Enquirer: 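Just passing along the structure, written as structure tokens.
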Amino acid sequence: MSAMARPRPRVAAAAAATAAAAALALTGCSSSGSSGSGESQLGFVTVKGTNVSKADPGHRQDAPDISGETLDGAQVKLSDYRGKVVVLNVWGSWCGPCRGEADDLQRVSEKYKDQGVQFLGINTRDTEKTNAVRFEQEKGVTYPSIFDPAGTQLLKFPKGSLNPQSIPTTLIVDRDGRLAARAVGGTVEDALESILQPVVAEPKQ
């Protein structure tokens, strides 16, 4: 192979990132919730006519212990919040529906922060961290977000689970670290509370 034909490291790295993004099967700023007939066999069901899927406590899968550096430079992992209900929101500063739901997410995070609920964002496909930081500043977002531009943390969610299906997606993780509910696409305050409240009300194991 000639020197001209050898793959360059930067090109290889870019190709790997592209492959990771493609493997996510995420459609930017669109709703593509799954609602196949086999969902009940996988332990969750999609509420008819909505973009919401839920799993009963006895049929929940463990959420992956996603981790990484937040937009403000701290290190965080999902298991840090074991014992709390965690609201995971997948977002990007470039995404219109993400901008639309940010105020609602912030309001709900403030409303439930004293009820054992922690919000955690996963910022993805933002090549420049400054864009994501500016988004949070403009929207007044106070909860942390993991900076995950290539979507490597999203790839940790097992196939067939309540995994992210689009950007944005909001996931509810119960106190035992299991995937309890998913809202695909942008959400609003009332809709988010409708899937969060039942998990918050569950008795501690």
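Numbering starts at 1 and runs along the sequence shown. Given the structure is predicted, the values throughout are model-derived calculations rather than measurements.
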Enquirer: Side-chain contact, heavy-atom cut-off 4.5 Å: Leu154 with Pro164?
Expert: yes
Enquirer: What are the two closest non-hydrogen atoms of Asp126 and Ala132, and how far apart are they?
Expert: OD2-CB, 3.9 Å
Enquirer: Write down the atom of Ser194, the atom of Ala191, and the distance for their closest heavy-atom approach.
Expert: OG-O, 2.6 Å
Enquirer: State whether a side-chain donor-acceptor pair under 3.5 Å links Ser145 with Trp91.
Expert: yes
Enquirer: Between atom OH of Tyr143 and atom NZ of Lys113, what is the distance when rounded to the nearest 0.5 Å?
Expert: 13.5 Å
Enquirer: Which atoms form the tightest heavy-atom contact between Ala181 and Leu162, and what is the distance?
Expert: N-CD1, 3.7 Å
Enquirer: Can you name the nearest heavy-atom pair linking Pro168 to Pro97, along with the distance?
Expert: CD-CB, 3.8 Å
Enquirer: For Asn163, is there any backbone N or O sitting under 3.5 Å from a side-chain donor or acceptor partner on Arg182?
Expert: yes
Enquirer: With sequence neighbours left out, write down each residue that passes salt bridge (charged side-chain N to carboxylate O under 4.0 Å, His left out) with Arg107, or none if nothing qualifies.
Expert: Asp104, Glu189
Enquirer: When rounded to the nearest 0.5 angstrom, what is the spacing between OG in Ser67 and CG in Leu78?
Expert: 9.5 Å
Enquirer: Applying side-chain contact (heavy atoms from CB on, under 4.5 Å), run through Arg175 and Val200 and close with a yes or a no.
Expert: CA-CA 9 Å; Arg175 294 186 181 89; Val200 173; 4.2 Å; yes
Enquirer: Run the side-chain contact (heavy atoms from CB on, under 4.5 Å) test on Phe119 and Val141 for me, step by step, so that the C-alpha distance in whole Å, both residues' side-chain angles and the decisive distance to 0.1 Å come before the verdict.
Expert: CA-CA 10 Å; Phe119 275 59; Val141 176; over 6 Å; no
Enquirer: Do side-chain atoms of Gln106 reach the backbone of Thr142 as a donor and acceptor pair under 3.5 angstrom?
Expert: yes
Enquirer: Say whether Val76 and Leu171 are linked into one hydrophobic cluster, either directly or through other cluster members, by side-chain heavy-atom distances under 4.5 angstrom.
Expert: yes
Enquirer: State the CG-CZ distance between Asp174 and Arg82, to the nearest 0.5 angstrom.
Expert: 8.5 Å
Enquirer: Can you confirm whether more than 12 heavy atoms, excluding those of Glu128, are under 6.0 Å from its CD atom?
Expert: no
Enquirer: Under the rule for side chain to side chain donor-acceptor pair (under 3.5 Å), what residues qualify as partners of Asn89, not counting sequence neighbours?
Expert: Glu101, Thr170
Enquirer: How close do Gln61 and Pro158 get, counting heavy atoms only, and between which atoms?
Expert: NE2-CG, 4.4 Å
Enquirer: Is the closest side-chain heavy-atom distance between Leu71 and Lys129 below 4.5 Å?
Expert: yes
Enquirer: Are the side chain of Asp62 and the backbone of Arg178 linked by a donor-acceptor contact shorter than 3.5 Å?
Expert: no
Enquirer: Do Asp148 and Thr124 have side-chain atoms, one donor and one acceptor, less than 3.5 Å apart?
Expert: no
Enquirer: Measure the spacing between CD1 of Ile172 and CZ of Arg60 and express it to the nearest 0.5 Å.
Expert: 10.0 Å
Enquirer: Give a yes or no on whether the ring-centroid distance for Trp94 and Phe135 is below 6.0 angstrom.
Expert: no
Enquirer: Would a hydrophobic clustering, with Ile, Leu, Val, Met, Phe, Trp and Tyr connected at side-chain separations under 4.5 Å, put Ile66 with Phe147?
Expert: no
Enquirer: Please determine whether residues Tyr81 and Ile146 belong to a single hydrophobic cluster, defined as Ile, Leu, Val, Met, Phe, Trp and Tyr linked transitively by side-chain heavy-atom distances below 4.5 Å.
Expert: yes
Enquirer: Where do Thr70 and Asn123 land on the side-chain contact (heavy atoms from CB on, under 4.5 Å) test, with the steps shown first?
Expert: CA-CA 9 Å; Thr70 65; Asn123 172 254; over 6 Å; no
Enquirer: Which residue pairs satisfy the salt bridge (charged side-chain N to carboxylate O under 4.0 Å, His left out) criterion with at least one member in residues 135-147, sequence neighbours excluded?
Expert: Arg99-Glu138
Enquirer: Atom NE2 in His59, atom CG in Leu179: separation rounded to 0.5 Å?
Expert: 15.0 Å
Enquirer: Can you name the closest pair of heavy atoms from Val199 and Ala180 and give their distance?
Expert: CG2-CB, 3.9 Å
Enquirer: Would you say Ser93 and Cys98 make side-chain contact, with heavy atoms under 4.5 Å?
Expert: no
Enquirer: Starting at CD of Gln197, measure out to CD of Glu202 and round the result to the nearest 0.5 Å.
Expert: 12.5 Å
Enquirer: A side-chain contact here means heavy atoms from C-beta on lying under 4.5 Å apart; do Pro149 and Thr127 qualify?
Expert: no
Enquirer: Side chains of Leu88 and Phe157, heavy atoms from C-beta outward: is any pair under 4.5 Å?
Expert: yes
Enquirer: Take Val87 and Gln118, measure what side-chain contact (heavy atoms from CB on, under 4.5 Å) needs, and give me the verdict at the end.
Expert: CA-CA 6 Å; Val87 179; Gln118 172 67 47; over 6 Å; no
Enquirer: Less than 4.5 Å apart, any side-chain heavy atom of Gln165 and any of Ser53?
Expert: no
Enquirer: Is the closest side-chain heavy-atom distance between Val52 and Thr187 below 4.5 Å?
Expert: no
